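Letters A, B, ... are given to chains in the order of the sequence lines, protein chains preceding strands, and every chain is numbered from 1. Atom set for the values below is all heavy atoms of this structure, side chains included, hydrogens, waters and symmetry mates excluded. These figures come from a predicted structure and were not determined experimentally.
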Amino acid sequence: MEQAGYAFVDILIVLAKVIVVIGINLLMVMILTLGERRIAGFIQDRYGPNRVGPQGMLQPVADGVKFFFKEEVIPSKAEKVIYVLAPALVLGPALLTFAVIPFGGPLSVVGKEIQLQIAELNVGILYIFALLSLSVYGLVLGGWASNSKYPLMGGLRSAAQMVSYEISMGLAVIGIIMITGSLRLSDVVMHQNELLFGFLPHWNIFLQPLGFIIFIVAAYAETNRVPFDLPEAEPELVGGYHTEYSSMKFASFMMGEYIALITSSALMTTLYFGGWDFPYVDESSLGIWGVLLSIIAFAVKTGFFLFLYLWVRWTLPRFRYDQLMGLGWKVMIPLALFNIIITGVVMSLL
Amino acid sequence: MVGELVPILVLLAVAVVIVAGIIGLTHLFGPKHPDPVKLSPYESGMEPVGEARTRFSIRFYIIAMLFVLFDIEVVFFYPWAVVFKKLLSMGSFILIEMLVFVGLLLVGYLYAWKKGALEWD
């Protein structure tokens with residue numbers, strides 16, 4: 001990758017990776033929309049959607065087709081250009097974020113080493129934070145451009161909430177960077193690919209437990225999920241920032257939100273749970289099976305965090321807005337700073 | 001370095017095509033039967049009252065200002081964190097440096113707290 005000039009083969013490989021990653025992301029969105037309702041049904045002791053296809057498997061397809069053929073309502077008072085652009089501003093950055101996450105060990109085919117990661121940036125973590133902060137634009141512009149009271153309140157709330165928790169999220173990750181000494185996500189994974197004290201996997205969760213708790217709480221707030229889903233609190237704001245949206249534009253908001261779930265689950269896996277590392281196995285000695293094993297390990301870990309998102313959604317009640325801001329500013333930030341100090345002091349003592 | 005960014009550009013192109021496709025297709029397929037009531041702002045079925053862009057809490061402005069200040073301080077941590085491990089082998093100066101910086105940050109943070117900027121009522 002380092003040499004100047006791109007061969008035709010390299011471009012093809014990149015294109016293949018891009019299509020596979022986006023395809024799997026979109027497929028996961030479909031599975032999540034179904035899974036969310038099925039798991040809700042399971043938790044609340046009722047059926048979820050189970051009529052379209054076996055066990056309701058084709059429900060997401062039916063939903064998608066229906067969204068395309070729904071009437072496209074653009075309120076007469078809305079700012080048209082921004083109103084149409086806002087869903088794109090949510091979905092676009094969401095699709096881009098996955099680029100720097102390594103989803104498997106390096107694959108070597110006929111003497112060519114292929115990284116299972118779209119782009120191996122040396123500023124990987126910063127790239128992710130940059131795109132995460134972009135997605136707030138879509139929400140706040142969508143809320144503002146609708147020119148209606150509920151969306152405006154939803155947009156404002158989401159802006160305030162997302163920027164508040166972005167600070168503690170950024171501070172929580174600093175512990176990882178201190179341990180790894182790199183912003184490259186493949187370095188973060190390689191660093192976790194050993195054993196700690198000879199028996200524990202060298203995963204950052206064991207070195208940064210406090211950091212992980214801060215990170216996961218901030219991630220739930222960043223993705224506007226229960227217990228922090230105040231921007232779209234149905235009982236008080238109807239639907240929040242997307243109240244005035246219909247058809248596929250509404251679905252774009254939803255897709256962006258679900259892709260953000262996938263990305264943040266993958267990020268938790270990569271930063272704190274060893275990424276594609278399968279514990280106690282040296283993947284590089286197993287050839288193609290090692291690569292397969294690493295991809296499965298990554299998928300299982302990410303899937304667990306996705307399930308956790310759904311599980312939490314149907315288990316916990318919603319915060320009050322002052323509690324939300326209080327937690328973000330008065331608890332998370334001091335804790336995150338404390339985590340940095342502890343990490344620094346322990347590392348200098350060892 | 002430039003080579004590393006080519007995949008991002010490919011991904012960007014694919015993402016733009018997908019997003020434009022989704023929004024374009026729904027514009028083509030969807031029926032359009034506009035009428036003034038349907039296109040009016042949604043207010044739980046009542047006649048819309050007044051302007052949508054009313055005054056909102058001053059707290060949102062304070063949060064925005066505090067965010068800009070604190071986020072820049074977070075950004076200052078990153079280069080320090082990257083070189084921390086390497087420079088730690090040359091003595092604990094880098095640690096003391098960071099403790100001083102966190103101390104300064106805490107002074108500003110406590111000031112904002114004391115002034116009531118973090119209260120939400």
Side-chain angles (χ1 to χ4, degrees), chain A residues 1-2 4 6 14-15 18 22 68-73 75-77 84 87-88 91-92 95-96 99 118-121 126 147-150 152 156 160 163-164 166-167 170-171 174 177-178 181-183 238 243-244 247-249 252 321-322 325-326 329-330 333 337 340-341 344-345 347-348, chain B residues 1 3-8 10-12 14-16 18-20 22-23 25-27 29-34 36 38-44 48 52-54 56 59-60 63-64 66-67 70-71 74 77-78 81-86 88 92 95 98-99 102 105-106 109 113 118 120-121:
Chain A
M1 285 277 191
E2 286 297 316
Y6 254 77
V14 166
L15 206 59
V18 165
I22 288 196
F68 270 113
F69 290 97
K70 276 287 177 187
E71 179 168 355
E72 185 191 38
V73 180
S76 48
K77 280 190 168 178
V84 175
L91 185 53
L95 283 171
L96 287 178
I118 292 178
E120 209 196 349
L121 292 188
L126 288 181
N147 208 345
S148 173
K149 283 170 195 151
Y150 296 120
L152 181 69
L156 281 174
V163 299
S164 301
E166 207 174 291
I167 297 173
L171 285 171
I174 285 170
I177 304 170
M178 286 162 74
S182 171
L183 291 167
V238 192
T243 303
E244 298 284 357
S247 73
M248 233 18 220
K249 288 208 285 294
S252 297
Y321 205 74
D322 59 325
M325 292 318 247
W329 285 95
K330 293 181 183 169
I333 291 178
L337 286 175
I340 294 175
I341 294 174
V345 170
M347 276 178 77
S348 67
Chain B
M1 182 60 214
E4 286 178 347
L5 291 175
V6 172
I8 303 277
V10 175
L11 181 63
L12 180 68
V14 174
V16 167
I18 289 180
V19 171
I22 283 176
I23 289 180
L25 283 181
T26 192
H27 180 70
F29 290 152
K32 283 162 200 71
H33 309 291
K38 191 193 277 175
L39 297 187
S40 68
Y42 178 77
E43 260 169 47
S44 312
R53 290 178 192 143
T54 47
F56 50 83
R59 296 282 162 207
F60 287 110
I63 291 293
L66 287 177
F67 164 70
F70 278 96
D71 212 39
V74 172
F77 268 111
Y78 276 78
V82 173
V83 295
F84 179 71
K85 210 172 168 185
K86 212 183 295 167
L88 198 59
S92 55
L95 181 69
M98 183 274 289
L99 287 177
V102 171
L105 205 160
L106 275 179
Y109 177 74
W113 193 329
L118 307 182
W120 194 284
D121 38 33

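Atoms CE and CG, from A:Met248 and B:Leu25 in turn, are 9.0 Å apart once rounded to the nearest 0.5 Å. Taking CE from B:Met98 and CE from A:Met178, the interatomic distance works out to 5.0 Å, rounded to the nearest 0.5 Å. Atom CZ of B:Phe29 sits about 5.0 Å away from atom CZ of A:Phe69, to the nearest 0.5 Å. Note that OG of A:Ser348 and NZ of B:Lys85 are 14.0 Å apart. Values are rounded to the nearest 0.5 Å. Atom-to-atom distance recorded for B:Ile22:CD1 and A:Leu91:CG is 5.5 Å, nearest 0.5 angstrom. Separating the NZ atom in A:Lys330 from the OH atom in B:Tyr109 is a distance of 8.5 Å, to the nearest 0.5 Å.
Looking only at side-chain heavy atoms (C-beta outward), B:Ile8 and A:Leu121 come within less than 4.5 Å of each other. Counting only heavy atoms from C-beta outward, the side chains of A:Leu337 and B:Phe77 approach each other to under 4.5 Å.
For B:Ala64, no part sits under 4.5 Å from any heavy atom of chain A, backbone or side chain. Of the two parts of B:Leu88, only the side chain, counted from C-beta on, holds a non-hydrogen atom closer than 4.5 Å to a non-hydrogen atom of chain A. Contact annotation for A:Met347: both backbone and side-chain heavy atoms come within less than 4.5 Å of a heavy atom of chain B. Contacts of A:Lys70 with chain B are made by backbone atoms alone, with heavy-atom separations under 4.5 Å and no side-chain atom involved. Proximity to chain B is limited to the side chain of A:Ile333, based on heavy atoms less than 4.5 angstrom apart. Residue A:Leu152 touches chain B through its side chain alone, counting heavy-atom pairs closer than 4.5 Å. For A:Glu71, the parts lying under 4.5 angstrom from a heavy atom of chain B are both the backbone and the side chain. For B:Leu105, the part lying under 4.5 angstrom from a heavy atom of chain A is the side chain only. Proximity to chain B involves both the backbone and the side chain of A:Ser76, based on heavy atoms less than 4.5 angstrom apart.
Chosen from A:Asn147, A:Asp322, A:Leu171, A:Ile341, the residue pairing most often with chain B at heavy-atom distances under 4.5 Å is A:Asn147. Ranking B:Leu12, B:Ile23, B:Asp71, B:Val82 against chain A, the residue ahead of the rest is B:Val82, based on heavy-atom pairs under 4.5 Å. Your options are A:Ile177, A:Val73, A:Val163, A:Val345, and the one with the most heavy-atom pairs under 4.5 Å with chain B is A:Val163.
One N or O on the side chain of B:Tyr78 and one on the backbone of A:Gly170 form a donor-acceptor pair closer than 3.5 Å. No donor-acceptor pair closer than 3.5 Å links the side chain of A:Glu72 to the backbone N or O of B:Lys32.
For the pair B:Pro7 and A:Val18, the tightest heavy-atom approach, listed with the atom from each and the gap, is O-CG2, 4.4 Å. Among all heavy-atom pairs drawn from B:Ile63 and A:Ser164, the shortest one is CG2-OG, 3.7 Å. Between B:Ala81 and A:Ile174 the shortest heavy-atom distance is CB-CG2, 3.8 Å.
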Pair B:Val6, A:Val14 - check side-chain contact (heavy atoms from CB on, under 4.5 Å), show working. CA-CA 9 Å; B:Val6 172; A:Val14 166; 5.7 Å; no
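The ring of A:Trp329 has its center no closer than 6.0 angstrom to the ring center of B:Phe67.
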